[in-house]
> 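Have a look at this one.
We use all heavy atoms of the structure for the numbers below, so side chains are in, but hydrogens, waters and symmetry mates are not. Everything numeric in this text was worked out from a predicted model, so none of it was measured. Letters A, B, ... mirror the listed sequences (proteins, then strands); counts begin at 1.
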Protein chains: 2
Amino acid sequence: MSQNGGGIDLDKSLGYLLKEASSALRAAMEEVLRPLGMSVTHYSCLELLAQRPGLSNSELARGAFVTRQTMNVLLQALERDGYVTRPAEAPVGKVLPTRLTPRGRRSLEKATIAVRSVEVRMLAGMTETEQSDAFRILQSMIRSLRDGNDGA
Amino acid sequence: MSQNGGGIDLDKSLGYLLKEASSALRAAMEEVLRPLGMSVTHYSCLELLAQRPGLSNSELARGAFVTRQTMNVLLQALERDGYVTRPAEAPVGKVLPTRLTPRGRRSLEKATIAVRSVEVRMLAGMTETEQSDAFRILQSMIRSLRDGNDGA
DNA sequence: TAATCTATGTCAGGATACTGACATGAGTCA
DNA sequence: TGACTCATGTCAGTATCCTGACATAGATTA
């Protein structure tokens, strides 16, 4: 019944399932972040800065999977509201190293708790072996997709 | 070094990896669909209709992971350009069953070939066992995330 | 040194998807 | 039958993110 002339069977497609899982994860994260007035990209930016202080706009963009233009707009808002600081002039080159303010750190703490609950829920019912399998398999998929992008 | 005070270690987070994989997949699909003048949502809509002719606007939206408003705009464009047809009046209720036209079917054929190449590339280097593992694990993650949405 | 290439930060405009809102049709229940 | 609930299609406004473009700083190369 689900066999169409050469088409891709969505019910059996790993790509479709990947999109579905990602969509469900994003929706779950939006749900817990909304009460905190924070978007997923917003949270990603703060979490990246907590782990690697001094990241530049472009590096943050790559880490949050958006363009540097999009991240730039977000950083301007975060800076205006006092969550992050950037030097007025670049210490070297054009790169402006960004850092969390105490206020940004406090804001992140609540968000981290919320996001962790989603991650825990997602992992519920998976054995340790399945979790490491998932990790390895996802990395394999990413590597395969990236290699073909501009490598050949 | 990547240990921050109670934060989420992105390098070890399955959620982050899932987002990365999904982002890579989407980029790869956009790359092969762009020469055909087709977006991912555009393609998803056509593929859904090929497998389940007569799907409604709302059903297509859920299948493509967008809102019904977004899908409605897309369907209006696809109808205007002759890729799909919808009856002027609903046979029953308000639901307008949508079907591919021959032109839509031809357009989908090329897209399917392009998307299949991406899927094949993504699966490269994975054993059959790993593929079925990935399938089962992703389904587990989706189920866990959905259950907590409005269930409790 | 000078030329070229690459990466960065930023501005402007446009594409895409979402939230809010409304009227309508179908099912449920008293 | 009538009130209620729910899902649908659709319009309008908004938010979000992207593409295109520019000037500039550092690295690379001749």
> side-chain contact (heavy atoms from CB on, under 4.5 Å) between Thr112(A) and Arg116(A): does it pass, once the steps are laid out?
CA-CA 6 Å; Thr112(A) 295; Arg116(A) 189 191 303 279; 3.9 Å; yes
> Are the side chains of Leu49(A) and Arg99(A) in touch, meaning some heavy atoms are under 4.5 Å apart?
no
> Measure the distance from CE on Met38(B) to P on dT16(C) and round it to the nearest whole Å.
13 Å
> May I ask you to say what Arg86(A) touches in the nucleic acid, namely base, sugar-phosphate or nothing, with a heavy-atom cut-off under 4.0 Å?
sugar-phosphate
> In whole angstrom, what separates Leu74(A)'s CG from dT10(C)'s P?
13 Å
> How would you label the contact of Ser39(A) with the nucleic acid (heavy atoms, under 4.0 Å): base, sugar-phosphate, or nothing?
nothing
> Considering heavy-atom distances to DNA chain D, does Gly93(A) or Val73(A) have its closest nucleotide positioned more toward the 5' end?
Val73(A)
> What nucleotide, of dT8(D), dT19(C), dC18(D), holds the atom closest to the side chain of Thr67(A)?
dC18(D)
> For a quick test of reading the model: is some side-chain N or O of Thr41(B) closer than 4.0 Å to OP1 or OP2 of dT16(C)?
no
> Separation of Leu55(B) atom CG from dA7(D) atom C1', in whole Å?
15 Å
> Checking contacts here: which listed nucleotide (dT24(D), dG9(D), dT10(C)) is nearest the side-chain heavy atoms of Lys94(A)?
dT24(D)
> Between dG9(C), dT8(C), dG9(D), spot the one nearest the side chain of Arg62(A), thanks.
dT8(C)
> Base, sugar-phosphate or nothing for Thr70(A)? Non-hydrogen atoms, less than 4.0 Å.
base
> Would you call the rings of His42(A) and Tyr83(A) parallel, tilted or perpendicular, taking 30° and 60° as the class edges?
perpendicular
> Starting at CD of Glu31(B) and ending at P of dC18(D), how long is that distance when rounded to a whole Å?
16 Å
> Taking CG from Leu96(A) and P from dA25(D), how many angstroms apart are they, rounded to a whole number?
12 Å
> With the side chain of Asn72(B) defined as its heavy atoms from C-beta on, choose the nearest nucleotide among dT10(D), dT10(C), dA23(D).
dT10(D)
> Mind calculating the distance between CZ (Arg34(B)) and P (dA15(C)) to the nearest angstrom?
15 Å
> Indicate, with yes or no, if Val66(A) and Val95(A) share a hydrophobic cluster defined by side-chain heavy-atom contacts under 4.5 Å among Ile, Leu, Val, Met, Phe, Trp and Tyr.
no
> Could you state the CD-P distance from Glu59(A) to dT8(C), rounded to the nearest angstrom?
7 Å
> Take atom CD of Gln76(A) and atom P of dT16(D), then tell me their distance rounded to the nearest Å.
15 Å
> Could you check whether Arg26(A) pairs with Glu30(A) (Lys NZ or Arg NE/NH1/NH2 to Asp/Glu carboxylate O, under 4.0 Å)?
yes
> On DNA chain D, check which nucleotide each of Arg26(A) and Pro91(A) is closest to and give me the residue with the more 5' one.
Arg26(A)
> For the side chain of Gln69(A), counting heavy atoms from C-beta on, which of dA23(D), dT19(D), dA23(C) is nearest?
dT19(D)
> Please pick, from dT19(D), dC22(C), dT10(C), the nucleotide with the shortest atom-to-atom distance to any side-chain atom of Arg68(B).
dC22(C)
